[in-house]
S.K.: 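Below: one structure in structure tokens.
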There are 2 protein chains.
Amino acid sequence: MDTARKNEQSSEIPAICRSCEARHGGICGVLSPDQLKKLNRYTKQYSYESGNELLSAGEEAHRYSNILRGVVKLSKLLADGRQQIVGLQFAPDFMGRLFREESDVIADAATDVTLCTFPRNVIEELVRESPELEHKLHEQALKELDEAREWMLTLGRKTAGEKVASFLYLIAANVDPELADHDGPIRFELPLKRSDIADFLGLTIETVSRQITKLRKAGVIQIENNRTVIVPDLERLEAACETDR
Amino acid sequence: MDTARKNEQSSEIPAICRSCEARHGGICGVLSPDQLKKLNRYTKQYSYESGNELLSAGEEAHRYSNILRGVVKLSKLLADGRQQIVGLQFAPDFMGRLFREESDVIADAATDVTLCTFPRNVIEELVRESPELEHKLHEQALKELDEAREWMLTLGRKTAGEKVASFLYLIAANVDPELADHDGPIRFELPLKRSDIADFLGLTIETVSRQITKLRKAGVIQIENNRTVIVPDLERLEAACETDR
DNA sequence: CGAGCAGTTGACTGGGATCAAGCTGTGTGG
DNA sequence: CCACACAGCTTGATCCCAGTCAACTGCTCG
């Protein structure tokens, strides 16, 4: 019977995976119990404190990862130290540049982070034998491309005030996606400190600070403890993302 | 015999595909003769003059395309008309956002463009039955993501002079990839007019013009006819991409 | 208590935007 | 053939937004 077969299969799923939240949204969701068992033989979990480097540019990445907890910032550097954050990744995203020896971005823990890591070659072999896995990763890449392009518009054409509003909106939407059509106030922790926000927006920390103050004085947001933000009306914040001229 | 079999197979490739240059670098290269024949039943070629719109944001894309000739710009708009180019595509790139009803970018012909187009559902069916095709498209998506992130660094952290140098360097490298380690002068046509360059760099046309003049006076580039550029020493141009402070 | 990090605020500066004029090539019609 | 219009580009004068430099607050940790 079908349900019996399902139960039998799921009983073969490694215990550590069965209790793993990343399995549902993450790439492991498309793997068969056998594949999960194979992968599980080589996985290792690591935890990092906020600020630690997970992967540096040009370094050969021996392992890929799922993000189980926390926020990872991907950034790029110029020779003289100027920095730009080019992506943020949240659980249960897959992290790592497939089909390439080395990464050209730096990955840092923006918050405390836990990763479930696997060796390059194991993942690449699984990708070869599982079109579903490749499809899943392909979709994630397209999603990241959409996000990067949206962000290029922000970086290239928005004012400082609009940039800060856009960042807050991005976090508000990402932290609680199901609140998108919810009308009440939204409250969340910023995963980045001011200097990271500045690196994300192509601004300085002073400008970020001033624009946050401005949004606060305009009543669009409220601030607690520098890191906790309350958005009383998400639509007002959304409007601030592109009307500041 | 193997070679005989190959010849027999290749004789089944549709004539129009056999003479198509995009087949080698493009996605069609991974398709079997049978798949090519199937696809070929639904393909249509279209040509567009520079400036024409190929696809508008929010519009449902019924067809995907290979770019056979020309340069396509992908851009995004804000409500008040501010524009940002978020990607450039050259032959033989594949064009279209897979697995999504509608595109969130506008595609315009930056130069005269010829496309080989196919219906959405045919491509998506081929992707489902051919892991090689999905892999090829996945790799292109990752390449575009790398490019987008490189450009985010330029948009967020470079000065106007560095931005313009970076753009010229990008074109010089893309137009003639095999000239990468070639020492002599490089000469090429800019595929974009000044206003497009400005939209690509997040600048105004006046600033673009001034910075081009500055590079010309510094001897980094020479200009003929506003559109033709000569780079006597690619390394000097490369240096100008991130040392302008 | 002091050291040090994160954030805010103020005064001043400067790079790129804005506004405006002029230049150059190209096509069009008399 | 010239006169004209127009689009693409350049150059100049001025302005303003965000960067820079600096001082200060608040918090945490030793």
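Labels below follow one simple rule: chain letters A, B, ... track the order of the sequence lines, proteins then strands, and each chain is numbered from 1.
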S.K.: Measuring only between side-chain heavy atoms, which start at C-beta, is A/Q222 closer than 4.5 Å to A/R216?
M.R.: no
S.K.: Do B/T114 and B/S47 have side-chain atoms, one donor and one acceptor, less than 3.5 Å apart?
M.R.: yes
S.K.: Would you say the side chain of B/R210 and the base of C/dT18 hold a donor-acceptor pair, judged only by whether the two atoms sit under 3.5 Å apart?
M.R.: yes
S.K.: With a 4.0 Å cut-off on heavy atoms, is A/I212 in touch with a base, just the backbone sugar-phosphate, or nothing at all?
M.R.: nothing
S.K.: Which sits closer to the 5' end of DNA chain C, B/T159 or A/R194, going by the nucleotide each is nearest to?
M.R.: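 Whichever sits nearer the 5' end wins; that is A/R194.
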S.K.: Check whether any side-chain heavy atom of A/R69 sits under 4.5 Å from a side-chain heavy atom of A/T111, and report yes or no.
M.R.: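 Not touching, per the 4.5 Å side-chain cut-off.
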S.K.: Is any side-chain nitrogen or oxygen of B/T213 closer than 4.0 Å to OP1 or OP2 of D/dT11?
M.R.: yes
S.K.: Under 4.0 Å: is that the gap between some side-chain N or O of B/T204 and OP1 or OP2 of C/dA17?
M.R.: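 Indeed, a polar side-chain atom of B/T204 lies that close.
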S.K.: Within a strict 4.5 Å, meaning less than it, do heavy atoms of the B/W151 and B/V86 side chains meet?
M.R.: no
S.K.: Which of these nucleotides, C/dA17, D/dT11, D/dG8, is closest to any side-chain atom of B/T207?
M.R.: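 Closest nucleotide to the B/T207 side chain: C/dA17.
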S.K.: What nucleotide, of C/dG16, D/dC9, D/dG19, holds the atom closest to the side chain of B/L203?
M.R.: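 The closest nucleotide is C/dG16.
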S.K.: Dot-bracket for DNA chain D, please, read 5' to 3', with Watson-Crick or G-U wobble pairs under 3.5 Å on both distances, ( ) within the strand, [ ] crossing, | other strand, . unpaired.
M.R.: ||||||||||||||||||||||||||||||
S.K.: Looking only at the side chain of A/S209 (C-beta and beyond, no hydrogens), which of the listed nucleotides C/dG7, C/dT18, D/dA18 gets closest?
M.R.: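 Comparing C/dG7, C/dT18, D/dA18 against the side chain of A/S209, the answer is C/dG7.
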S.K.: Got a donor-acceptor contact below 3.5 angstrom from the B/R120 side chain to the B/R100 backbone?
M.R.: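 Looks like yes, one N/O pair under 3.5 Å.
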S.K.: Among B/D196, B/D108, B/D199, find the residue that satisfies the side-chain hydrogen bond (donor to acceptor under 3.5 Å, both in side chains) test when tested with B/K73.
M.R.: B/D196
S.K.: Between the base of D/dC9 and the side chain of B/E206, is there a donor and acceptor pair under 3.5 angstrom?
M.R.: no
